[in-house]
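The structure presented is a predicted model; accordingly, all values stated were derived computationally and were not measured.
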Amino acid sequence: MGNSKQQTLKGRGTSAPSDPRTTLVLYHRDGAAVVHLERDRPIVVGRSAPADLVIPDPNLSRQHARFTWDDAGLHAEDLGRTNGTKKNGKLIKKRTTITARDDIAVGPVIVSIHAAAVLDEELRDFDGHDRFLVSLGEELIRARMFQRPLAVVLVRAVAAASAANHVSRWAERLRVLLRPVDRVGVYGPAAVLVALPEASPEAVRAFAQELAGGDPALACAVATFPADGASVEELIAALHAARRTDRKGAGETATIIESKAMKEVLATVRRVAPSTIALLLHGETGTGKEVIARAIHEAGPRKKQPLCSINCAALPATLLESALFGHEQGAFTGADRAARGIFEQADGGTVMLDEVGELSPSAQAALLRVLETKQLMRVGGDKQITVDVRVIAATHRDLEAMVSAGRFRQDLLYRLDQLTIRIPPLRERIDDIRPLAEKFLAEACRQAGVSRKHLADEALAALERYAWPGNVRELRNAIERAVVLADASTITVAELTDRIRGAVRAEVPAAAEAAPALAADLKESVRRYEIDLIVNALATAGGNQTAAAKALGLPLRTLVHKIHTYGIQKKFTGRPR
């Protein structure tokens, strides 16, 4: 679950008071702080010195509230600040007595009161959101590298966030189910994300079922790699998709077009939709390639027929051909009955092949045969089946470079790329950020069953400054999390992630990619982590790729592919990093 991040006071004395001990646990956007009070020693909470307990939240004042424990009890006092201090939802106007039964909020910070023995270990913290995302990215590397399962679970209190159903009230229910390898990140006052590496589907279901219900009542949504996504943003988006009751809005994103770049894309969509030529959509992960594919399908003559999509990066090579072309009963272990692939399911309609650059050589060859002959053969079958589909492929890779490197078939590229449509990243579409954010906000509020919220001007400005490495999908995830965090009608900068709050936008894409502000970009961090693993293994093995592959648990062919992809030198004379 990560290292504890509990904060302690400096310069106030750390000796424990006599029992019973009075402890405040302050839950903020990045975790929690634990403070042990001493009699007649007031504690001031604020965002910076000279506050005794510093919580760097812009919605807190420098000295926001004072807590005092004396013979008359425990007292809270607001120091006259804009965002105020609340007791049971009402602003505190003067020094007020408080108890463990009260709901206390210092601005956006929820305060839990405990009068008991030492709580440090019992209330050890979970990761903050940004730190959890980095950890999840590292787990994805291991899951992909060693072909192991990974699940992410969103655990939340069913009722609206309050002290009665705050994470602190049910954290122990969660902890007793965790293994040492599991990670937990605070997602909101009454919600957490849990990463479950190498957990079987049965174990994940049991985990969710064990948590469901109870007091307070909890609900769980589950996303798994690779079935529901191959990246951090895709997995979190899948968690929200599992909760949405109104799925219509997800298909309408393409109508949010204000930028010149996207208006040009839409004009191209209108021109090519009536034809049947194969199309290649090129754009970064999360730019909305599937949305554009749907717009093409629905504007064309096949709109009354199915549109079937598959993410080629989200399935292992052993299952991908079956998913594409179907299989016969007994074709492989577990194939207890025949099944149609998406080409048969989409007969007369459209097939979208997302991340087509991830196809294995055998899948590339089989796909080429289908495109050339309009016939397919199920895995384990001997019968040719005729299909009529329009193919729309999508990728974020440079397929021409992959052809030159021998990793993608040139004849297949010719078949797929009769016309390329480039989907610009969100950082090139600043005019689209506001309307997209407002649309996602309305959908998230409707899904959560809360009254409509609004984005503060400074929050919108922060959204427009950020470079959005995860593009539209990341924007949607950020807005949905902000709705979970916000307890007021206006979403402020405080409800956004640290990366968004601290970002400085570059003027052009090339500069954005090189900007120091993006050094913490999750994808880049993941890439560097994987390179370090390979370099260390090669250095330890003295440059012997076979030995390095064995140490990493990788097939030699996979390691050679990664060495080529990352441009890693094959000879090493130094020591491991």
Side-chain angles (χ1 to χ4, degrees), residues 248-312 342-343 345-357 359 367-368 370-372 374 387-403 408 410-436 439 468 471-473 475 508-509:
K248 182 179 178 182
E252 298 175 347
T253 304
T255 62
I256 304 295
I257 294 176
E258 297 291 339
S259 65
K260 179 181 177 181
M262 282 305 293
K263 287 178 179 178
E264 291 175 354
V265 169
L266 183 60
T268 303
V269 166
R270 290 169 178 160
R271 288 196 300 270
V272 303
S275 71
T276 59
I277 63 172
L279 300 172
L280 181 64
L281 307 182
H282 189 273
E284 296 176 6
T285 299
T287 49
K289 296 187 287 293
E290 187 168 355
V291 171
I292 297 300
R294 181 168 295 278
I296 294 169
H297 173 77
E298 294 180 349
R302 297 171 179 255
K303 63 182 179 181
K304 294 184 179 180
Q305 303 302 319
L307 166 65
C308 296
S309 301
I310 186 170
N311 187 330
C312 301
I342 67 166
F343 272 82
Q345 297 171 35
D347 191 23
T350 304
V351 167
M352 186 208 174
L353 304 174
D354 198 7
E355 298 302 347
V356 71
L359 287 174
L367 175 59
L368 179 61
V370 173
L371 297 179
E372 289 179 337
K374 298 188 183 301
V387 291
D388 172 28
V389 298
R390 180 183 193 173
V391 175
I392 301 176
T395 185
H396 72 283
R397 295 191 178 278
D398 184 343
L399 296 185
E400 293 281 1
M402 291 182 68
V403 168
F408 200 83
Q410 187 171 50
D411 46 3
L412 176 57
L413 179 57
Y414 289 155
R415 285 284 182 178
L416 295 173
D417 188 13
Q418 293 179 292
L419 177 70
T420 295
I421 300 177
R422 178 181 179 270
I423 315 299
L426 192 54
R427 61 178 173 270
E428 295 180 15
R429 303 159 45 190
I430 299 176
D431 292 342
D432 291 337
I433 292 177
R434 180 187 292 260
L436 280 171
K439 175 182 176 59
W468 298 109
N471 292 291
V472 178
R473 186 183 291 117
L475 173 60
V508 295

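- Listed by chain and number, the residues in a side-chain hydrogen bond (donor to acceptor under 3.5 Å, both in side chains) with Thr287 amount to none (sequence neighbours excluded).
- Evaluation of the side-chain contact (heavy atoms from CB on, under 4.5 Å) rule for Arg434 yields Glu438, Leu460, Glu464 as partners, not counting sequence neighbours.
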Determine all donor-acceptor pairs shorter than 3.5 Å in which one atom belongs to a side chain in residues 390-399; sequence neighbours excluded.
from, atom 1, to, atom 2, distance (Å)
Arg390, NE, Ile277, O, 3.0
Arg390, NH1, Ala273, O, 3.1
Arg390, NH1, Ser275, O, 2.8
Arg390, NH2, Val272, O, 3.1
Arg390, NH2, Ser275, OG, 3.3
Arg390, NH2, Ile277, O, 3.2
Thr395, OG1, Arg397, N, 2.9
His396, ND1, Glu355, OE1, 2.8
His396, ND1, Glu355, OE2, 3.3
Arg397, NE, Glu358, OE2, 2.4
Arg397, NH2, Glu358, OE2, 3.4
Asp398, OD1, Glu400, N, 3.2
Asp398, OD1, Ala401, N, 3.1

Worked verdict on Val403 versus Tyr414 for side chain to side chain contact (heavy atoms under 4.5 Å, CB included) = CA-CA 11 Å; Val403 168; Tyr414 289 155; over 6 Å; no

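- Residues passing the side-chain hydrogen bond (donor to acceptor under 3.5 Å, both in side chains) test with Arg302, sequence neighbours excluded: Asp388.
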Residues Ile296, Ile421; criterion side chain to side chain contact (heavy atoms under 4.5 Å, CB included); working and verdict = CA-CA 11 Å; Ile296 294 169; Ile421 300 177; 4.2 Å; yes

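- Looking at Val387 and Val351, their side chains never come closer than 4.5 Å, going by heavy atoms from C-beta outward.
- Between Leu359 and Cys312, the shortest heavy-atom distance links the atoms CD2-SG, 3.7 Å.
- Applying the side-chain hydrogen bond (donor to acceptor under 3.5 Å, both in side chains) criterion to Asp417, with sequence neighbours excluded, gives Thr420.
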inquiry  = Test side chain to side chain contact (heavy atoms under 4.5 Å, CB included) on Arg429 and Ile433; report intermediate values, then the result.
reply    = CA-CA 7 Å; Arg429 303 159 45 190; Ile433 292 177; over 6 Å; no

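- Two residues are said to be in side-chain contact when any heavy atoms from C-beta on lie closer than 4.5 Å; Val356 and Leu412 fail this criterion.
- Side-chain atoms of Thr268 come within 3.5 Å of backbone atoms of Glu264 as a donor-acceptor pair (strictly under, hydrogens ignored).
- The distance from the NZ atom of Lys289 to the CG atom of Asn311 is 9.0 Å, given to the nearest 0.5 Å.
- With sequence neighbours left out, Ser309 forms a side-chain contact (heavy atoms from CB on, under 4.5 Å) with Glu290, Leu307, Met352.
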